[in-house]
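Structure first, then comments.
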Amino acid sequence: MAQLSPASLRRLAAWAVGPCLPAWAVLLGLALVDRLGWITALVCCAIVFVLMAVLVLTRLADFDRIIRYAEELLANPDAPSPLLHTSATAQRLLSGLTALRKLWADRRDEADALAKSRQDILDSLPDPFFLLDRRRRVVSANAAARALFELERGLTGRDLAGVIRDPKVLEAADVALAQNRKTEAQFTLPAPVEHTFGALIVPLSATAQDGTALIVALHDQTERLKMDRMRADFVANASHELRTPLASVLGFIETLQGPAKDDAEAREKFLEIMLKQANRMTRLIDDLLSLSRIELREHTRPTEAVDMGGLLQNTVELLDRQIKERRVTLAYNVASGLPAVLGDANELSQVFHNLIINAVKYGGEQGRVDVTAEMSDTRPPSMPGRGPCLKISVRDYGEGIAREHIPRLTERFYRVDNARSRELGGTGLGLAIVKHITNRHRGALVVDSDVGKGATFTVYLPAVAT
Ligand code: ADP
């Protein structure tokens, strides 16, 4: 009784009175026809009521426990089921409720697993991704988006305007929602490093249960835009490089056809200059063709085993004329028994041809150039893989290169001193070719220089495993 609420007590009175009525009617009827004394009849009525109340009470207590259990389940789906004492019906009701609770728990676990796998899928996408509700607020975001926007209070619940402040993106999101169609926009994030993103905004055909109505997928376009710009710059630079000698050759042809027609001395001089310019154009075209050939093959790793000692020796011999012309002393120091390199012999000899010719050119007349090859136990950070590798250095003792130019030396047509490079017959492509070839060989190029003391260009190449 102590466990019963006032509502239950009221129910008890109501439930016990109904079943007592037939017995009470019979007892009172008997008293009315004098077959039973009034006192006896009333005592019997009271006894019937008490017996009925006890009977109802035991069952009602069980039902009351079930009602309280059902109320508790709303707040706590893991609430323990109550112990019942008597009623088989109450027991069946409880079993039904427990089965229902298990079904809900299974459904809830399934929904949780589904939500988690959806989040895992979103998190595994490399591009930033948001799900927005109809009011443009973030419902969820993937790991890439969280990392990109690094907002202190998190992304969930924020208006898109608090995340991407670009009006073009916000307008595109509004249009996507209002007109139920896919929209796109481009925006730039200035910090920490400027990046340009494309945003693809797709409305869902029906709003999801969690409120998701819009998908915003971002794609970093910085690299592609940079490549486009570089390609356009490259075409402009290459045309410019070719136009200059061509204009000079055309100029001399006109002079030779006109004013200097009969001037034998001028003719000799001009023809010599024209030959030099034509050679410059040939070198430029050769280098451009090499570069495009190397770029085409850059992703396939060469498979030949190349003996670097022999290759370096041949390359130096081929440059003998230029070395002698500039009266350069070449110190050749290649360790014996070096392991072979997995490579393309033609490309590798082009690498060392370009580096040695640069050292000869920029090292100054009567300078000294050291060519050294040895094994190295460590690889530079820019080289992929681990383990020992071949380290081949070309060192000169010329003017050297100021620190700020070093990172840009391998860009096409980048020259520290334009006039000097042209005067020495440079195309501005030699080091770009070196970089692409070392990349194809999974190697690395490291440049070290002190102004006034010279420069060292070191190529690291993976050795064939022995
Ligand atoms: P170039 O045909 O002009 O020599 P490269 O691509 O071979 O083109 O070299 C790019 C620039 O790097 C050169 O113009 C020069 O300014 C600088 N450079 C290359 N090698 C050396 C070196 N050994 N010493 C000083 N500067 C160098």
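Predicted model, so just to flag it, every value in this text is computed and none were measured. Whatever order the structure lists them in is the order used to number ligands and atoms, beginning at 1. Residues take their numbers from the sequence shown, with the count starting at 1.
In this structure, CZ in F270 is found 5.5 Å from OG1 in T255, a value given to the nearest 0.5 Å.
Judged purely by distance below 3.5 Å, without hydrogens or angles, the side chains of Q119 and D123 pair a donor atom with an acceptor atom.
Look at R422 and you'll find every heavy atom at least 4.0 Å from all atoms of ligand 1. The closest approach between any non-hydrogen atom of N354 and ligand 1 is not below 4.0 Å.
Looking at V416 next to ligand 1, an N or O pair under 3.5 Å apart turns up. Residue G426 has no N or O atom closer than 3.5 Å to an N or O atom of ligand 1. Checked against a 3.5 angstrom limit, the closest N/O atoms of Y414 and ligand 1 fall outside it.
Shortest contact from atom 12 (O) of ligand 1 to any protein heavy atom: L409 CD2, 3.4 Å. Among protein heavy atoms, the minimum distance from atom 7 (O) of ligand 1 is reached at N358 ND2, 2.8 Å. Protein heavy atom in closest approach to atom 24 (N) of ligand 1: Y362 CB, 3.4 Å.
Residue contact check: S421 has heavy atoms under 4.0 Å from atoms 1 (P), 3 (O), 14 (O) of ligand 1. Taking every non-hydrogen atom of F457 and a distance limit under 4.0 Å, the qualifying atoms of ligand 1 come out as 20 (N), 21 (C), 22 (C), 23 (N). With ligand atoms numbered from 1 in the order given, ligand 1 contributes 3 (O), 14 (O) to contacts under 4.0 Å with heavy atoms of R415.
A side chain to side chain donor-acceptor pair (under 3.5 Å) check over residues 418-434, counting only residues at least two apart or in different chains, returns the pairs E241-R422, D287-T427, R415-S421.
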- Message: I'd like to know whether D370 forms a salt bridge (charged side-chain N to carboxylate O under 4.0 Å, His left out) with R368, so could you lay out the CA-CA distance, the side-chain angles of the two residues, the decisive distance to 0.1 Å, and finally the verdict.
- Response: CA-CA 7 Å; D370 299 342; R368 175 180 153 196; 2.9 Å; yes
- Query: Can you check ring pair (Phe, Tyr, Trp, His ring centres under 6.0 Å) on F149 and F130, steps first, answer last?
  - Reply: CA-CA 11 Å; F149 293 100; F130 297 103; 5.6 Å; yes
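A side chain to side chain contact (heavy atoms under 4.5 Å, CB included) with H441 is found for one member of L342, V459, V351, D344 and no other, namely D344.
A 6.0 Å sphere centred on CD of E171 holds no more than 12 heavy atoms belonging to other residues, nucleotides or ligands. Within 6.0 Å of atom CD in Q313, more than 12 heavy atoms from other residues, nucleotides or ligands are found, so the atom counts as buried in its surroundings.
Here the shortest heavy-atom distance to atom 9 (O) of ligand 1, taken over I401, D396, L429, L431, belongs to L431. Taking all heavy atoms of G425, G428, G430 into account, the minimum distance to atom 1 (P) of ligand 1 is reached by G428.
In this view, E411 and R408 satisfy the salt bridge (charged side-chain N to carboxylate O under 4.0 Å, His left out) rule, not counting sequence neighbours.
By the criterion of a heavy-atom distance under 4.0 Å, the side chain of K361, and not its backbone, is placed next to ligand 1.
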